[in-house]
Amino acid sequence: MVKAVLAAASTLTTQLVPPARQPLCFCPTGGDGFSTGTDPPPSHGNMATEFHNLQDLRHTASLATKVFIQRDYSEGTVCKFQTKFPAELDSRIERTLFEDTIKTLNNYYAEAEKIGGRSYLEGCLACASAYIIFLCMETRYEKVLKKISTYILEQNEKIYAPRGLLITDPIERGMRVIEISIFEDRSSSGSSSSGSSTSSSSAR
């Protein structure tokens, strides 16, 4: 009789006490921090923040399209480019950053074509030496062009490459346009194309 009562009490206690709660599993998010299994998946933002530098851009991205910034001839034939913001870059870069880049390039080109005392001296030396002097010295114009190339490289590294963009030095396009290449992540473009092909096949 006593054993039956004790067995019934033990069974009742087991049913009333809830089982121990299992600890949550901690899964790495891909960075330095950790999140619980109940947290939403980490957000990677838009595609413009997928890239970190020029090397990542060249290895993990595919060319989507190109934008060409045309010359501005409103002030004559001086080398100057339009600052009008292209609609293709609207979701990629802030308008102020784009305008600052173009204005800085225009200022560099204006400096390169500025005629001063040094320009006259270089011309006189060139005539006196039948232009042989340019074999052992750089002109002021060439030095400014090097500054422009360095500036474009810095802008690509710090601003444009992380947003999936790449500026081509205008000297490589005959100073006719500023070419801006727009890149897309290969994995995202591949998944979108496969998704579209799957939907089209299912529609059939």
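In what follows, every heavy atom counts, from backbone to side chain, and hydrogens, waters and symmetry copies are set aside.
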(request) Give, for atom OG1 of Thr168 and atom CG of Asn156, the distance between the pair rounded to the nearest 0.5 Å. (result) 8.0 Å

(message) Taking the side chain as everything from C-beta on, heavy atoms only, tell me whether Tyr160 gets closer than 4.5 Å to Thr101.
(response) yes

(message) Quick one, Ile93 with Phe85, criterion side-chain contact (heavy atoms from CB on, under 4.5 Å). Give me CA distance, side-chain angles, the key distance, then yes/no.
(response) CA-CA 10 Å; Ile93 189 173; Phe85 187 72; 4.1 Å; yes

(request) Would you confirm whether Arg163, through its side chain, and Ile159, through its main-chain N or O, come within 3.5 Å as a donor-acceptor pair? (result) yes

(message) Measuring from atom NZ of Lys146 to atom OH of Tyr108, what distance do you get when rounded to the nearest 0.5 angstrom?
(response) 15.0 Å

(request) Report yes if some heavy atom in the side chain of Met175 is under 4.5 Å from a heavy atom in the side chain of Tyr109; otherwise report no. (result) yes

(message) If the threshold is 4.0 Å, N to carboxylate O, is there a salt bridge linking Glu179 and Lys66?
(response) yes

(request) Using modelled atom types only, decide if a donor and an acceptor are shared between the side chain of Glu172 and the backbone of Asp169 within a distance under 3.5 Å. (result) no

(request) Report yes if some heavy atom in the side chain of Tyr151 is under 4.5 Å from a heavy atom in the side chain of Leu105; otherwise report no. (result) yes

(request) Let me see the working for Leu63 and Ile182 under side-chain contact (heavy atoms from CB on, under 4.5 Å), right down to the final yes or no. (result) CA-CA 6 Å; Leu63 181 63; Ile182 302 176; 5.8 Å; no

(message) How close do Arg140 and Ala112 get, counting heavy atoms only, and between which atoms?
(response) NH1-O, 3.6 Å

(message) Can you confirm whether Arg176 sits close enough to Gln70 that some side-chain heavy atom of one is under 4.5 Å from a side-chain heavy atom of the other?
(response) no

(request) Check Gln82 against Arg71 and note the closest heavy-atom contact, atom names and distance. (result) NE2-O, 3.3 Å

(message) Do Thr83 and Glu99 pair up side chain to side chain, a donor and an acceptor below 3.5 Å, judged on atom types alone?
(response) no

(message) Would a single hydrophobic cluster contain both Ile167 and Leu97, if residues Ile, Leu, Val, Met, Phe, Trp and Tyr are joined by side-chain heavy-atom contacts under 4.5 Å?
(response) yes

(message) side-chain contact (heavy atoms from CB on, under 4.5 Å) for Asp72 and Phe81? Distances and angles first, verdict last.
(response) CA-CA 5 Å; Asp72 183 1; Phe81 294 94; 5.9 Å; no

(message) Can you tell whether the side chains of Glu113 and Lys80 come within less than 4.0 Å, N to carboxylate O?
(response) no

(message) Once rounded to the nearest 0.5 Å, what's the spacing between atom NZ of Lys103 and atom OG1 of Thr96?
(response) 10.0 Å

(message) Quick check: is Val177 connected to Leu166 through a chain of hydrophobic side chains (ILVMFWY, heavy atoms under 4.5 Å apart)?
(response) no

(request) Please tell me if the side chains of Ile171 and Leu145 come closer than 4.5 Å, counting only heavy atoms from C-beta onward. (result) yes

(message) Before you tell me yes or no, could you show the steps for Phe98 and Ile69 under side-chain contact (heavy atoms from CB on, under 4.5 Å), namely the whole-Å CA-CA distance, both residues' side-chain angles and the distance that decides it to 0.1 Å?
(response) CA-CA 11 Å; Phe98 169 81; Ile69 311 301; 3.7 Å; yes

(request) With the side chain counted from C-beta on, respond yes when Ile180 and Pro86 share a heavy-atom pair under 4.5 Å apart, and no when they do not. (result) no

